[in-house]
Amino acid sequence: MESPSPLTLDATPAGPAPAQPGLRRSMGARHLVMIAMGGVIGSGLFLSSGYTISQAGPLGAVLAYLVGAFVVYLVMACLGELAIAYPVSGAFHIYAARSIGPATGFATAWLYWLCWAVAIGSEFTASGLLMQRWFPDVDVWVWCLIFAAVLFGFNAVSAKFFGESEFWFAIIKVSAIIGLIVLGGAALFGFRPLSDGGSHPFLFENFNTAGGLFPNGFTGVLVTVLAVFYAFSGSELIGVAAGETKDPATSIPKAMRTTVIRLLIFFVGAIAVIAATIPYTEVGLDKSPFVTVFSANGIPFAADIMNFVIITALLSAGNSGLFSCARMLYSLADEGHAPQAFRRLTRHGIPLIALSVSMVGGIASLISSVVAPETVYLVLVSVAGFAVVGVWMSITASHYFHRRAFVRGGGDVSALAYKAPLFPLVPVLAFTMCVISLVGIALDPNQVAALYFGIPFVAGCYAYFYFRHGRKRSTAAVH
C-alpha cells in the first residue's frame with residue numbers, strides 16, 4: 001500500500017462545496033437512497049437467495065445476511081465522511097488518490113468501471129432471457145438492444161431524469177419485497193385468506209431442520225457470507241453521485257442511514273420469511289423463491305408478476321451501473337488520467353461520450369456472456385464481485401488515512417459535518433473482513449478465477465500509471 005500523499009487540510013470544516021463545472025447538483029436524498037437501493041436489490045436477492053438458503057440452512061442464511069448488512073454499515077460509515085470531504089462525481093478514485101496515492105486512485109477507478117461494465121452486460125442478458133417467458137419467438141439479443149437503448153436514454157437526458165427513473169424502478173422492487181414480508185409473514189402466523197389449503201409451516205418451525213440449526217455446518221455459512229458481500233454491492237453508489245447532489249453535507253448522511261436501515265429490513269426480512277416458508281432442501285437457482293412464496297399464499301399470476309419485478313430489478317441495477325461507469329470515466333478524465341474527450345458535457349451536464357463508451361463496454365461483455373461458454377460468463381460475474389470488494393477496501397483504507405491526516409493537520413473531528421464512529425476500529429474492521437472474503441475466493445473453485453483475472457488487472461493499472469505518470473504524488477485539483 002502506498003504511503004499517504006501530502007495533504008493540506010483545513011482545521012475547520014469547509015462550507016458547501018461548489019458543484020463541478022458542468023455537472024448539475026440536481027439530486028436530493030431520496031434520489032441517493034433509491035440509486036443505492038437500485039444498485040443493491042437485484043438478481044442477488046430475487047434469484048440467488050434460494051441458493052444461499054440451501055447452502056447455509058435457514059438460520060445460517062439469516063446470519064449471513066446480518067453479517068453482510070454489518071459490513072455495508074461499516075463501509076458506508078467510512079464513505080459518508082469521505083463523500084462530504086470530497087463531494088465530487090465518480091469520487092471513489094478521488095478518495096484514494098488524495099488519501100493514499102494517485103496510483104491507487106487510478107487503479108480504484110478502473111476497477112470500479114470494470115465491475116459495472118461487466119455487470120451491465122449480465123443484467124441485459126438476464127432480462128432478455130426472462131422476456132422469453134412471454135415472447136419465446138423473439139431472440140434474446142433483440143431485448144438486450146431494446147433495454148440498452150432505454151437505459152441509455154434515461155442516462156442521457158439529465159441527472160435528475162436518471163434519478164427519477166431509478167426512483168420509480170426501485171419503488172417497484174421495494175414494493176415486491178414489502179409484499180413478500182407482509183404476506184409471507186402473515187402466512188407464518190396462519191393468516192392465508194387467498195390460499196386454498198395445503199401444508200404451511202407455522203412461524204419458524206422450518207429453522208429446526210433434520211440436520212440441526214446449521215445442516216451443512218458452519219462452513220456453509222462462511223461460504224455464503226462471502227457471496228452475500230457481493231449481493232450488497234451497489235450501496236456505495238451514493239459516493240458516485242455525490243457531485244450531483246444538492247446540499248451534500250445534509251443529503252449524504254441522511255441517505256447513508258436510510259439505505260443501511262432499509263437494506264437491513266428488506267434483505268434480512270425477506271430472507272427470514274423465505275427460509276421460514278420453504279424447506280431449505282427445496283430451494284435453489286432453478287426458480288425464484290419469491291415466486292414460490294407468493295404462489296404458496298395463493299397470489300394470482302404470481303409467476304408473471306415476479307417475472308416482471310425481476311426484470312425491473314435487473315434493469316434498475318443496470319441503470320445505476322451505467323450512471324456509475326460514465327461518472328467514473330468523467331472523473332478520470334477530469335484528473336488527466338483518461339482521454340479528455342470523456343470530459344465533454346451536453347448542455348444538460350451529461351458526459352455523453354463517457355456514457356457511450358461505458359455502454360459499449362457493457363454490450364461487449366453482454367456479447368461474450370451470450371456467445372461464450374458458461375464458464376466465461378461465470379468468470380465475468382466473479383470478476384465483478386472481486387472488483388466491488390476491492391473498491392470497498394479502497395474506501396475503508398482511504399478513510400483511515402484521510403482521518404489520520406486530518407487530525408495530524410490540526411483538524412477538529414468534532415466539527416465535521418459527519419464523522420464515522422469508533423475510529424480507527426470501523427475502517428480497520430471493514431478492511432479486514434473484505435480481505436477475508438478475498439481469501440475465501442481462493443478456497444472456492446467456482447470463484448477462484450476472479451483472482452486470476454482481478455489481481456493481474458489491478459497490477460496492470462499500477463504498472464501503467466507508473467509508466468505513464470511516474471511516481472508523482474500530486475493530483476489535479478478537485479472541483
Closest non-hydrogen atom pair between M393 and C434, with its separation: CG-CB, 3.3 Å

Just by modelled atom types, is the I100 backbone N or O under 3.5 Å from a matching donor or acceptor in the T104 side chain? no

In sequence, state the C-alpha distance, the side-chain angles, and the governing distance for V75 and F431, and then conclude on side chain to side chain contact (heavy atoms under 4.5 Å, CB included). CA-CA 9 Å; V75 174; F431 188 91; over 6 Å; no

Counting C-beta onward and ignoring hydrogens, is there a side-chain heavy-atom pair between T396 and L74 closer than 4.5 Å? no

Measure centre to centre between the rings of F267 and F232, then say whether the value is under 6.0 Å. yes

Classify the angle between the aromatic ring planes of F406 and H402 as parallel (below 30°), tilted (30 to 60°) or perpendicular (above 60°). parallel

Rounded to the nearest 0.5 Å, what's the gap from CG on L79 to CD1 on I395? Could you check? 5.0 Å

Donor-acceptor pair, E81 side chain versus K419 backbone, under 3.5 Å? no

Is any side-chain heavy atom of F386 closer than 4.5 Å to one of F453? no

Y462 vs F106, side chain to side chain contact (heavy atoms under 4.5 Å, CB included): CA-CA, chis, key distance, verdict: CA-CA 8 Å; Y462 274 98; F106 181 80; over 6 Å; no

Spatial distance of atom CD1 (I178) from atom CD1 (I265) [nearest 0.5 Å]: 9.0 Å

Near-ring test Y95/H399, centroid separation under 6.0 angstrom: no

Residue pair V391 / L111: nearest heavy atoms and the distance that separates them: N-CD2, 4.3 Å

S127 OG to I311 CD1 distance, which is reported to the nearest 0.5 Å: 6.0 Å

Does a donor on one side chain sit under 3.5 Å from an acceptor on the other, for W113 and S358? yes

Find the distance between OG1 (T312) and CD1 (I172) and round it off to the nearest 0.5 Å. 4.5 Å

Please report the interatomic distance CG(L315) to CD1(I310), rounded to the nearest 0.5 Å. 12.0 Å

L263 and V72 have their tightest heavy-atom pair at CD1-CG1, 4.2 Å

Is there side-chain contact between L264 and L66, with heavy atoms separated by less than 4.5 Å? yes

Ring-ring centroid check Y400 F423, cutoff 6.0 Å: yes

For A77 against A420, the heavy-atom pair lying closest together: O-CB, 3.4 Å

Rounded to the nearest 0.5 Å, what separation is found between the CD1 atom of I274 and the CD1 atom of I278? 6.0 Å

Between the side chains of S99 and S398, does any donor sit under 3.5 Å from an acceptor? no

Where the side chain of S394 meets the backbone of G390, is there a donor-acceptor pair that is under 3.5 Å apart? no

Of L82, V426, V413, the one forming a side chain to side chain contact (heavy atoms under 4.5 Å, CB included) with R403 is V413

Could you tell me if the side chain of V62 sits less than 4.5 Å from the side chain of F207, heavy atoms only? yes

Note: F147 and G128 closest approach over all heavy atoms is CE1-N, 4.2 Å

Measure across A270 and I177 and return the closest heavy-atom pair with its distance rounded to 0.1 Å. CB-CG2, 4.2 Å

